[in-house]
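Written below as structure tokens is the structure these notes are about.
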Amino acid sequence: MEYIIEYLRRNISLAWKGVFFHLRQYVSFFIAMLVIQTMYGIVTFSNDRNNKLEYGIISEVYDYDLMFIDLNEQQRLTLVNDTMTVFGDEHIFDLVRETPRAEEGSYDRRYDIYIKFVGDKDSALAEFQSRYYDELSSLSKEGFRVSASPMMSYESYRIQSAFYYLAFAAILTAVSVYFMMNLYSIRLNHYSFTYGIYMTFGADFKKLFSTAAWEMLIINFITFIPSCIIAALIDLIIYSAGGSGFTFHFFGIFKVLLFSLIITLTSVTLPMLRFSRQETMRALLAEDNSNLVVSPRKSFDFHKKKYPLVYEFAGLWRFRRYYVKQTAAAVVFTAIFICGAFLSYEKAYSVSLDMPQFMFNFGSNNSYTSTEYKELSEIEGITGIEKNFSCRADEIKSHVLFSKPNVKTSEVIYDEAHPDMAATNFVLYHPGDEETVGILGKGSFEGDLSGILSSDRNIIISDSIKNTYGFDFNPGDKVLIAKNTGKIKEIDGMFTGLELLREQFRFYRFGYEEYTICAVLNDDVTITGMNIYMSDKAFYDLTGMEVSYKSASLYIDKNTDVETTRAIYDSLREYAGYYNGATVRNLEQSMDYKVESSKQKPGTYAAVASLVVIGTPLIWLFSQILYYKKRENEFDILQAFGSTEGEIKRIYVIDAVFSAVLGILFCVIMDWLALKGIYYLTNVVLPMFYRETIRYPFVIPVWALAAALLLTLVSAVASSMVPYILYLKSKEVKQEPSDILAETESV
Amino acid sequence: MLILQAENVIKQYRQYDEVIYAVNRASLKVEDGEFVAIMGSSGSGKSTFLHVMAGLIRPDYGHVKIRGNDITEMPQDELNRFRGQFIGMVFQKHNLIPQLTALENIMIPTVMCNKEEFHFEEHLKKLITTLKISDRLNHLPSELSGGQQQRVAIARAMINRPQVLFADEPTGNLDRANADEVLDLLLKTREVIGQTIVMVTHDISIAEKADKIYIMDNGGLELYKDNKAI
Ligand SMILES: Nc1ncnc2c1ncn2[C@@H]1O[C@H](COP(=O)(O)OP(=O)(O)OP(=O)(O)O)[C@@H](O)[C@H]1O
Ligand SMILES: [Mg+2]
């Protein structure tokens, strides 16, 4: 124990001295650590706050554990009476609510009953099932229907959200490690000689690592508390601006500390490991910037030319790999920033979308007609109705042919029999009438939607496939829709999707009808494929199915409160009672909206992204200051041989211009790629793993791009001009020329 | 007992299509406690050979064994530790760390390599008085004269009492009197701890004090004179 304390004391005091005697060298690390910890703080504190708040919102909506649907009088009494009897310990549930339907005393009198368990939910459920399920079944010839609320499995939901936090933290960790590792590599690169001497006199990786790690840990601890305070303040601002409250959960600071320790140690380990594995002499040779020189032989022959201008370019050329590397390393942070800005935009977009609150199924013997439309519209609180009926192309052995220039997706196949055409069977055919046209009209489209009402040869088509942009259609373009007309051979049942279509091309015969696109839908998506709307008659001709809408999605105002939503639901249940077998499913979209909008994700993403981008000026400045510090020697010698101060200044200025041009070039390329990449990731890759129902429009976050370019420009210029100012200052202090030469040795 | 054995060492530098044989099949055997001097014209490969023997450069071919351990085959990490334990190095260019004071520079080996049960305080005192740098300890290398820098570098190489000391022109920057004093110090330490010394020098009068003198020519090494045998 004593030994451990002594060990800690010695190392901490050594590292403390190391950091404070060279405070200027470590400024970048302080800032970087502050940024990283603040990022973690923002994400962690807001995550803790969101979890708490989310639980609040969800448990207000789901104030029950089980919901019994349409119980009759006797079934009801079984439950209700039992809660009133006091069984002491055996009391396992409370009655939350009951909603009766139809006249009191009538045979049709039905109840929805909501109960909540007391104590541990799982054991209470088991007990409840053994006590009541048989009895409830026996009291009605239809048995009974029950559905569990998400509260029954809230723990697993929590695990899922913890997983998201960890995934996000992992991304942040990767970015942070990259950030710190870059800084540390720059440091190692410039202090290579010092560490080489350490190696000469016996330092192994462990030794080198521990000298470095202790210093970094000290920095870590110094910035920790300020970072947490800044993070909490930023969260406070984000949530207050968004109109919701922020509560701070103290425990979060330990997560921040843990992550920042992991980051620090990883980002020191890797560069140091690589460094300590090299030949010692190689490390020693880098006393000046010679380790950054690419090839002396390939430099310009500036002797024969007029000295000044070419000399500056010679420097740029010799250090070209250094310039490219450090510019790329610095500018990458603007690309990460753009990704954050884009995610922030997407999050805001997804929160702003309207989603249906209820799904009304009319049962197998009923269907939705204009009567139902009228009656449902009249229910208080319903703001929109979307009837659903469709037919999958592959189910009726159909597919669609597009002319090649229209196709921008790979979800198609090409068949020899149809040159210049692409085919897909990832298609949903929909019948459409005036009501459909009205609903589609609320989305984003081009062309004339009512075209399908005037001609059976017109269709409305979506330009997306599987939730992503896939086709470049214009109104007036033609497509061919196939109808199966016979077969040569039966196809094995194991084929699906495009494989199935390929087989069908070989063994089936098709007849094609040409349709004209009268309108193109831009934001109409389905995970199954693409939507095509046509007149009822055309739909019947193609599919052989009578148009009969079996379900409708119902919309309510997103801000509707819990009580009102329940009332609307009860009215719908009442209405469903008139239809045999009809059901209403509450999708709880307004709850999701409340949860999502209160999380203020767009603000959080934007804040984190804005912090990350500090990496750009930081890396650039740090690297260039060290680089120039070593070149000062060279400039002094140049001056000793007669070059003027103006000529020296020109070296810095030309470097600034060059860095700016290179930086802007990198910024444009990297940011553009990043934007495309993150769009592809969120719109194509991620939807493969979970059912994404949103197609995000590709929007260039102009303000973010402008900010990135400006920052790149400023950082590039500053990274050359700040070292120049430092150089001038250091010369002011020292008057004697010999002093100047002496000082250049001590970086 | 053989303490150092270099066999057929080759080190070549390749620059594009040009190949320079800095060390070309050099072999050297040194007994424990011996003092060996290497002489030769500029660019003949003396420093490179010394660096190879100290494990700072890996040869392209050949082996170097110190105390029976083949350091050319050793993993880098182990090699660094080994060097810390048994080898001292004085560079031709003093190679002091510019940010550290003279004393801090001298102390580097004791910080980087913990030799068990070794108290350097006494030794340090003797070193700095003999090397006449006791009043310059708190100066940065840039504030020292060339000779002082060299003497600090010698102190650094000797502070841990390495069994084998490689010195690349340690007296190059010193005047006659100082050079002789430094050499006396080296030889005295050798007597006390039985140190082995391999020294590159241009100074024939210093070389004369060595047990053996080798000449390096164009990367090859030849015995020039064996003072012990005479
Ligand atoms: N890192 C290197 N890359 C390329 N060539 C090198 C390198 N180091 C040394 N050389 C070349 O190897 C040869 C031997 O160099 P070395 O420094 O060993 O000579 P030396 O005998 O110590 O000379 P001096 O007495 O001048 O110190 C020289 O021709 C030198 O140019
Ligand atoms: Mg030499």
Side-chain angles (χ1 to χ4, degrees), chain A residues 7 10-11 14-15 17-18 21-22 24-25 190-211 272-288 295-298 626 629-630 633 734 736 738-747, chain B residues 11 15-18 47-48 50-52 54-59 74-91 93-101 104-115 139-144 149 153 156-160 162 166:
Chain A
Y7 173 79
R10 217 182 54 154
N11 279 296
L14 260 177
K17 274 189 216 151
F21 282 129
H22 309 286
R24 284 242 307 263
Q25 270 181 41
H190 285 280
Y191 287 86
S192 168
F193 168 72
T194 301
Y195 289 109
I197 289 292
Y198 291 169
M199 280 161 74
T200 303
F201 292 103
D204 55 0
F205 166 72
K206 234 174 84 186
K207 194 78 206 175
L208 291 175
F209 172 77
S210 69
T211 30
M272 208 40 126
L273 199 60
R274 210 179 50 202
F275 187 90
S276 73
R277 291 286 144 87
Q278 72 182 324
E279 196 184 74
T280 311
M281 190 48 77
R282 196 170 307 213
L284 282 175
L285 283 178
E287 196 180 0
D288 40 36
S295 76
R297 198 175 74 156
K298 295 236 171 110
L626 289 176
K629 196 78 200 158
K630 290 183 176 169
N633 193 13
K734 298 180 298 274
E736 301 279 317
S738 63
D739 273 356
I740 296 171
L741 282 173
E743 176 61 23
T744 50
E745 288 204 343
S746 56
V747 175
Chain B
K11 177 68 196 175
Q15 213 109 59
Y16 310 106
D17 32 71
E18 218 178 318
S47 299
T48 311
L50 214 58
H51 292 154
V52 170
L56 297 170
I57 294 179
R58 295 210 184 252
M74 242 182 231
Q76 189 63 42
D77 229 29
E78 200 183 323
L79 175 58
N80 291 349
R81 277 194 297 268
F82 183 83
R83 202 187 302 116
Q85 287 287 332
F86 303 110
I87 301 175
M89 180 80 212
V90 181
F91 293 95
K93 256 177 73 192
H94 59 77
N95 274 356
L96 300 175
I97 295 178
Q99 304 93 324
L100 301 184
T101 63
E104 285 166 340
N105 265 296
I106 295 172
M107 300 302 286
I108 288 171
T110 66
V111 179
M112 291 303 146
C113 170
N114 302 324
K115 273 194 156 180
H139 291 259
L140 290 174
S142 57
E143 298 159 347
L144 300 176
Q149 289 172 353
R156 179 175 66 180
M158 295 183 67
I159 185 76
N160 251 2
F166 294 102

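The shortest distance between side-chain heavy atoms of B/Asn80 and A/Lys207 does not fall below 4.5 Å.
Annotation: ring pair (Phe, Tyr, Trp, His ring centres under 6.0 Å) contacts of A/Tyr198 (sequence neighbours excluded): A/Tyr195. With sequence neighbours excluded, the residues forming a salt bridge (charged side-chain N to carboxylate O under 4.0 Å, His left out) with B/Lys93 are A/Glu287, listed by chain and number.
If you measure heavy-atom distances from B/Phe82 to chain A, you find no contacts under 4.5 Å at all. Within the 4.5 angstrom heavy-atom criterion, no atom of B/Leu79 approaches chain A.
Checking A/Met281, A/Arg282, A/Glu279 one by one against B/Arg58, the side chain to side chain contact (heavy atoms under 4.5 Å, CB included) holds for a single residue, A/Glu279. Among B/Met112, B/Arg156, B/Met89, the one residue that satisfies the side chain to side chain contact (heavy atoms under 4.5 Å, CB included) test with A/Ile197 is B/Arg156.
Taking OH from A/Tyr191 and CD1 from B/Ile97, the interatomic distance works out to 11.5 Å, rounded to the nearest 0.5 Å.
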Checklist line | Check against side-chain contact (heavy atoms from CB on, under 4.5 Å), B/Phe91 and A/Leu284 | finding: CA-CA 11 Å; B/Phe91 293 95; A/Leu284 282 175; 3.6 Å; yes

Margin query: Between A/Phe193 and B/Asn95, does the side-chain contact (heavy atoms from CB on, under 4.5 Å) criterion hold? Intermediate values first, please.
Written below: CA-CA 9 Å; A/Phe193 168 72; B/Asn95 274 356; 3.6 Å; yes

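Annotation for A/Phe201 and B/Ala157: closest pair CE2-CA, 4.1 Å, computed over non-hydrogen atoms.
Looking only at distances, no side-chain donor or acceptor of A/Asp204 sits under 3.5 Å from a matching main-chain atom of B/Arg81. Under a 3.5 Å cut-off, the side chain of A/Arg277 and the backbone N or O of B/Gln76 do not form any donor-acceptor pair.
Counting heavy-atom pairs under 4.5 Å between each of B/Gly84, B/Pro109, B/Cys113 and chain A puts B/Pro109 at the top.
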